[in-house]
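First comes the structure, then the notes that go with it.
Sequence lines set the chain letters: A, B, ... in the order given, protein chains first and strands last, and positions in each chain run from 1. Keep in mind that the numbers below use all heavy atoms, side chains included, and drop hydrogens, waters and symmetry copies.
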2 protein chains.
Amino acid sequence: MPRKAVRLADVAAAAGVSVSTVSKILKGDGRASAATRARVLETARRLDFRPNPLAQSFVTGRSLVVGVLAENAPSTFSMPVIIGAQSSLGRADLAALMYDARNDPKARTEALRKLQARRVDGLIVIGEGPDIDYPPVPADFDVPTVYTYTSYRDPRVVSYTVDNVAIGQMAARHLIELGRTRIAHVAAGRSLRSTIDRHEGFATTLADAGLPLVFSGPLYGDWKRTWGSEAARIILGSGTQVDAIFAASDDIAVGLYATLRGGGVRIPDDIALIGVDNYAKVPGRGDRFLTTIDRRLPQLGSSAADHLIRLIGGSTESGGAFPTASELIVGATTRPDLVGPVEQEIDTYLTDAVSDADRG
Amino acid sequence: MPRKAVRLADVAAAAGVSVSTVSKILKGDGRASAATRARVLETARRLDFRPNPLAQSFVTGRSLVVGVLAENAPSTFSMPVIIGAQSSLGRADLAALMYDARNDPKARTEALRKLQARRVDGLIVIGEGPDIDYPPVPADFDVPTVYTYTSYRDPRVVSYTVDNVAIGQMAARHLIELGRTRIAHVAAGRSLRSTIDRHEGFATTLADAGLPLVFSGPLYGDWKRTWGSEAARIILGSGTQVDAIFAASDDIAVGLYATLRGGGVRIPDDIALIGVDNYAKVPGRGDRFLTTIDRRLPQLGSSAADHLIRLIGGSTESGGAFPTASELIVGATTRPDLVGPVEQEIDTYLTDAVSDADRG
DNA sequence: CTGAAAGCGCTTACAG
DNA sequence: CTGAAAGCGCTTACAG
């Protein structure tokens, strides 16, 4: 590699033309004779010219940096969203300046001030899912902004979120397709947005299939494995016949699994189980033994980033003109669900797995 | 916020001095009368002047962007390292331009070319742990570089890695302190660097305590839960008395747990178990029920980034002058282990947990 | 079709 | 102690 960076002026001198001519030709500006164009292009290639992005940013005002404002960066579910977003940004040669608000309003404000001063070209706000609220970015932060993994459903903002209604639907469809008819829903907190949405999709799909919801409603608890165990005892103790359970998390599903098995229930022969999170996904490890729904959080983040990249690119897309989710996600079961300029993605797929061979 | 950004020239005009005087005063350059200094500072504050970083980067040549070259960004163990690094970078107002090599040599080369062209101020290379090798960045990539979570032990590069010897020591000490005397090691692959290092620390600590290693060596397998189950059957079938097991991963530990329990063994009463990974760390979920060693991967990444930040800052530290690990990590059990300019961190802590209340 | 020139907003010798 | 001036490497009207 050349010790000293070659500049536009070097190319111009070598090609025997002016700097402005080289500049125009290199950025594809039409008006140039074929001969000049060829010579300049050839010279630039020969000298391995790479325009200095620092100079370009300075003159164009585009920093090639995007702000990433995370509410809680190191959390298990934020990380994949951030990594997904950043992978997309890298593909577009955009750097990410990340600040972690750590649920601190002052840190959030300070981060926005810094991002503004830094002249970021855009902003991605990454929340902590649909169940945790906090104020949106002030309107006077006048930079293209996309929210993801937040609780926002405001049609005035672009927001990519997990489609929890669809998760409920997928879970129901899966269990129905297995031929189950006595299906229960072991949910997390009763008032959580995610619980409400998932149950809406779940209950509607069951109703459409003419199936009852066992216990005529979800069993409400929390996200933990211990709640799964408790729910199993409730189900076993109720004497109610159940042949399938939709669990709100894989942890709950594991608790259900252990306690039901302890109670003599065969999984999935007697009771089929489906969870959410696809939590054990270390390659070559985990050897998943329960069916689960993956929220595809990296894809969520990358979809949000791709959208922002289009906005930065001067795209004027808005409202219903947004690309549908099925255009954004490859190789996944998707369902576009467009509400005004808010885009919800299903961002989920079923991971079917074998039943546990461990008869310990 | 002002519609139009205020420039150095605006401050100069308002304060009645020259642009160069403002520039010098604002960056703390000494020679200035107290009166001028006060007036300029006050004016800058009043106008809320923020220097245009695009202009600054252009003239100084410092891009305020750091390259992040990840070997496999979305993998479970890479993500926390990347997020940790990026949090540190953000604290230093440095953006991260991340490329994901996806184990593709050509992608790696291309990423380096782009980072070079982008004039990044530094580079962080994030690997896939000590067990996977690939070539280092070519020497002609003349930018401060720090490696982390890679297999490098080359004293010519700065490399932050998990200290697996220390992990073995911690596991042994923990089990010894519990009063256990018949201690086994259920390891992953025999030839893995991590296995070898952990066993070195483990066996040495046992020997120092005058304790034998049951089976006179590790039981070798893989990282999976199923291997844990198989190992449990081996242990139970051997008739050998065992009262504690060091498992190479939490997945293995879970397999051991399930199968030992199935065999009538009480955990931890009869056999104490310790794993590695602290895998179930979703806040409020997981309700961890096994003792584990956390590798503190976010701290690993942030330590690497902090080191790079110092290098970029023009620090001339090198060789033994590097700060020790205990200076870098707060609130953790650390052990500085300095080998030339290579710095290894222990980056681990014990998470003691209650035994499982789930008697399912 | 091509080039001279201004300008982006700073920093940094250099002169006074 | 302070300021005039050059310069960083591009882009972009504008003129020819």
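- Salt-bridge annotation for B:K106 and B:D104: absent, with no side-chain N of the basic residue lying under 4.0 Å from a carboxylate O of the acidic one.
- When the P atom of C:dC10 is taken as reference, atom CD1 of B:I25 falls 15 Å away, rounded to whole Å.
- Side chains of B:S151 and B:D133: a donor-acceptor N/O pair is present below 3.5 angstrom, by distance only.
- Side-chain contact check for B:S78 versus B:E71: every heavy-atom pair is 4.5 Å or farther apart.
- To the nearest angstrom, C1' of C:dG9 lies 9 Å from CZ of A:R119.
- Residue A:L26 contributes atom CG, which lies 16 Å from atom P of D:dG9 at whole-angstrom precision.
- Between A:V19 and B:V59, the residue anchored nearer the 5' end of DNA chain D, judged by the nucleotide with its closest heavy atom, is B:V59.
- A:V17 comes within 4.0 angstrom of sugar-phosphate atoms only, judged by non-hydrogen atoms across all strands, and of no base.
- A:D10 places its CG atom 11 Å from the P atom of D:dC8, with the value rounded to the nearest Å.
- No hydrogens or angles considered: nothing links the side chains of B:S23 and B:S20 as a donor-acceptor pair under 3.5 Å.
- The phosphate of C:dT2 has OP1 or OP2 within less than 4.0 Å of a side-chain N or O from A:S33.
- Within 4.0 Å of A:T36, counting heavy atoms only, lie sugar-phosphate atoms of the nucleic acid but no base atom.
- Look at CZ on A:R39: it is 15 Å from P on C:dC1, rounded to the nearest Å.
- The side chain of B:S23 places an N or O atom within less than 4.0 Å of a non-bridging phosphate oxygen (OP1 or OP2) of C:dT11.
- Between B:L94 and the options B:V66, B:L308, B:V120, a side chain to side chain contact (heavy atoms under 4.5 Å, CB included) holds for only B:V66.
- Nucleotide C:dT11 holds its C1' atom 16 Å from the CZ atom of B:R7, rounded to whole Å.
- Between B:Q56 and C:dG9 there is no side-chain N or O to OP1 or OP2 distance below 4.0 Å.
- Pair check for C:dC1 finds D:dG16; Watson-Crick or G-U wobble, both atom distances under 3.5 Å.
- Checking C:dC10, C:dT12, D:dT11 against every side-chain atom of A:L8, the shortest atom distance belongs to D:dT11.
- Atoms NZ (B:K24) and C1' (D:dA4) sit 11 Å apart, rounded to a whole Å.
- Phosphate proximity of C:dG3 to A:T21: present, with a side-chain N or O under 4.0 Å from OP1 or OP2.
- Here the P atom of nucleotide C:dT11 and the CZ atom of A:F58 are 11 Å apart, to the nearest Å.
- When the side-chain nitrogen and oxygen atoms of B:S18 are compared with OP1 and OP2 of D:dG3, one or more of them lie within a distance under 4.0 Å.
- Here C:dT11 is the nucleotide among C:dT11, D:dT2, C:dG9 with the atom lying nearest to any side-chain atom of B:K27.
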